[in-house]
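Read through the structure below, which is laid out as structure tokens, and then see the notes.
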Amino acid sequence: MTNASVREFKMPDVGEGLTEAEILKWYVQPGDTVTDGQVVCEVETAKAAVELPIPYDGVVRALHFPEGTTVDVGTSIIAVEVAGGAAPAQEEAPAAAVPAAEPEKPAEQPAARQPVLVGYGVATSSTRRRPRKQAQDPVARQAASAVQAELNGHGAAPAAPAAPVAPAAPAAPAQRPLAKPPVRKLAKDLGVDLATVTPSGPDGVITREDVHAAVAAAQAPQQTAPAAQSAVPAASAPDRPAAPASYDTARETRIPVKGVRKATAAAMVGSAFTAPHVTEFVTVDVTRTMKLVEELKQDKEFAGLRVNPLLLIAKALLVAIRRNPDINASWDEAAQEIVVKHYVNLGIAAATPRGLIVPNIKDAHAKTLPELAASLGELVSTAREGRTSPSAMQGGTVTITNVGVFGVDTGTPILNPGESAILAVGAIKPQPWVHKGKVKPRQVTTLALSFDHRLVDGELGSKVLADVAAVLEQPKRLITWA
């Protein structure tokens with residue numbers, strides 16, 4: 001390549017303010033040709049899994065970190081040799097462009113500009129960033145990266161660092177297996193190399209069934225030939241992490257705390273010890289609500305939509321907020337102000353393989369019941385497939401967590417950071433209940449509302465919870481209180 005230069009692609013802030021991301025999967029290897037917009041890797045932040053496109057054409061010269069490594073935002077992760085002269089100031093890393101055989105001076109990263117949210121250019125930054133480490137030859141760099149991965153909880157046995165030495169002279173680039181992001185995530189979680197999976201989908205696309213079939217096919221040999229099993233991770237080290245995300249000792253299983261779980265843990269600790277929580281409970285007869293759910297399922301306005309009790313519970317909470325707007329607020333510690341929101345971004349807590357996430361429905365207060373049903377259905381399906389975007393988890397104002405799906409009667413939920421209230425919904429089940437002067441079996445549930453006592457007093461919290469219960473007991477109030 002004549003008149004070529006090496007450009008360093010740095011880890012962008014893919015979550016609007018996040019400081020680090022874990023490299024889940026490399027889709028290219030040194031020697032591969034890449035084009036502008038081509039996805040080169042998948043990373044996981046504290047909020048979502050995101051595929052990163054490269055912003056220029058060229059040839060991959062180095063991958064600076066192996067899969068499974070957590071990298072700070074602004075740190076170079078891949079070097080690409082491009083034609084056409086010197087790289088722009090914000091992309092060029094002069095030290096990295098020096099051949100590996102020559103000593104490299106530790107270069108201080110420019111503080112003027114750095115990559116930010118993918119697709120949104122660059123922005124000024126005053127964040128202090130760590131200086132780049134001195135350059136190493138390819139063999140030493142691969143070995144050091146593997147050792148670091150092991151220290152981070154992603155490596156294999158002590159002998160594993162020797163495995164990456166083999167690809168010092170990479171073979172011809174293989175074609176990337178075709179699979180949708182959720183399928184790639186499933187394969188990653190199960191430790192399956194997609195390159196070894198036989199596709200059954202149209203145009204050679206790998207499906208979930210193909211991944212599960214590959215796992216089933218691999219289990220029998222693993223049971224009869226454990227020695228061969230132990231050799232697999234080392235042989236495939238260049239293609240996937242040398243060890244699974246969790247690993248077993250004799251009597252314990254250790255799971256590295258990172259990504260969504262790490263962020264959730266920090267947020268919950270911060271919330272529990274920052275906002276003084278108060279939780280109130282009410283048990284309510286929701287028999288009429290359950291009958292309405294069945295009627296709505298037959299309504300043509302809801303054709304193709306998923307109608308369930310959560311839909312009417314969400315609508316009941318929105319009605320209660322409209323009647324008691326001060327509950328929809330946040331506490332501004334710096335300004336010492338209570339910020340009342342005139343919109344409701346309704347969060348729905350969702351348990352996913354990546355951990356608990358709370359995406360929210362923007363402007364839920366302005367949606368009709370069919371529109372709310374459509375938004376809930378899309379939110380749930382997107383979360384289950386692991387496609388929830390970082391923006392979908394930002395800006396929430398109040399949250400619902402449905403512990404009833406696990407058969408739990410109720411709980412004391414912790415506030416989502418930045419919000420003033422969270423409603424927990426317990427299991428709906430038949431119970432003896434006094435109805436019209438007689439004890440009858442009725443559909444009953446228990447609601448729990450936790451709120452921030454700095455800005456929500458007992459009266460306000462009680463009114464909101466009572467309104468939600470009243471709507472669920474007599475759903476006609478959805479009309480009379482509108």
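Numbers here are sequence positions counted from 1. Being a predicted model, the structure only gives us computed values, none of them experimental.
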Donor-acceptor pair, side chain of Arg184 and main chain of Ala179, under 3.5 angstrom: yes
What one should report as the nearest heavy-atom pair of Ser76 and Phe65 is O-CE1, 3.2 Å
Please examine the side chains of Leu63 and Gln29, heavy atoms only from C-beta on, and report whether any two atoms are closer than 4.5 Å. yes
Donor-acceptor pair, side chain of Asp36 and main chain of Asp57, under 3.5 angstrom: no
To the nearest 0.5 Å, tell me how far Glu42 CD sits from Leu24 CG. 5.0 Å
Side-chain (Ser450) to main-chain (Thr412) donor-acceptor, under 3.5 angstrom: no
From CA spacing to verdict: side-chain contact (heavy atoms from CB on, under 4.5 Å), Leu312, Val307: CA-CA 9 Å; Leu312 295 184; Val307 179; over 6 Å; no
Without swapping roles, check the side chain of Asp332 against the backbone of Ala335 for a donor-acceptor pair under 3.5 Å. yes
Hey, are Ser200 and Glu209 close enough side-chain-wise for a donor-acceptor pair under 3.5 Å? no
Any non-hydrogen side-chain atom of Thr352 less than 4.5 Å from a side-chain atom of Thr388? no
Minimum side-chain heavy-atom gap His277-Ile414 below 4.5 Å: yes
Given side chains that start at C-beta, do those of Pro276 and Asp452 come closer than 4.5 Å, heavy atoms only? yes
Is there side-chain contact between Glu337 and Trp331, with heavy atoms separated by less than 4.5 Å? no
May I ask you to decide if Gln38's main-chain N or O and Thr35's side chain share a donor-acceptor pair within less than 3.5 Å? no
Among all residues two or more places apart in sequence or in another chain, which pass the side-chain contact (heavy atoms from CB on, under 4.5 Å) test with His365? Tyr343, Val344, Asp363
Say whether, by atom type as modelled, one donor and one acceptor occur between the side chain of Asp210 and the main chain of Ala213 under 3.5 angstrom. no
Measuring from Leu379:CG to Ile348:CD1, what's the distance to the nearest 0.5 Å? 6.5 Å
Measure across Thr399 and Glu419 and return the closest heavy-atom pair with its distance rounded to 0.1 Å. OG1-OE1, 2.7 Å
Hey, mind stepping through Val80 and Val40 against side-chain contact (heavy atoms from CB on, under 4.5 Å) and telling me if it holds? CA-CA 11 Å; Val80 177; Val40 295; over 6 Å; no
Leu372 to Ala364 - nearest heavy-atom pair and separation: CD1-CB, 4.3 Å
What distance separates Glu22 CD from Glu67 CD, expressed to the nearest 0.5 Å? 10.0 Å
Just to verify, what does Thr401 make a side-chain contact (heavy atoms from CB on, under 4.5 Å) with, not counting sequence neighbours? Ala349, Val403, Pro413, Ile422, Ala424
Which heavy-atom pair separates Val43 from Met11 by the least distance, and what is that distance? CG1-CE, 3.9 Å
Distance-minimising heavy-atom pair for Gly58 and Val82: CA-CG1, 4.2 Å
Picking from Asn328, Asn345, Asn360, what satisfies side chain to side chain donor-acceptor pair (under 3.5 Å) with Thr397? Asn328
Shortest non-hydrogen contact from Val192 toward Ala214: CG1-CB, 4.2 Å
Pair Trp26-Ile77, side-chain contact (heavy atoms from CB on, under 4.5 Å): steps then yes or no: CA-CA 11 Å; Trp26 281 112; Ile77 59 174; 4.2 Å; yes
Say you draw a straight line from CD1 of Ile23 to CD1 of Ile78; how long is it, rounded to the nearest 0.5 Å? 9.5 Å
Could you give the distance from CG (Leu194) to NZ (Lys25), rounded to the nearest 0.5 Å? 6.5 Å
Atom OG1 of Thr207 and atom CG of Leu178: how far apart are they, to the nearest 0.5 Å? 12.5 Å
Is the shortest side-chain heavy-atom distance between Val398 and Ile327 below 4.5 Å? no
Is there side-chain contact between Phe302 and Leu369, with at least one heavy-atom pair below 4.5 Å? yes
Partner residues of Glu378 under the side-chain contact (heavy atoms from CB on, under 4.5 Å) criterion, sequence neighbours left out: Thr382
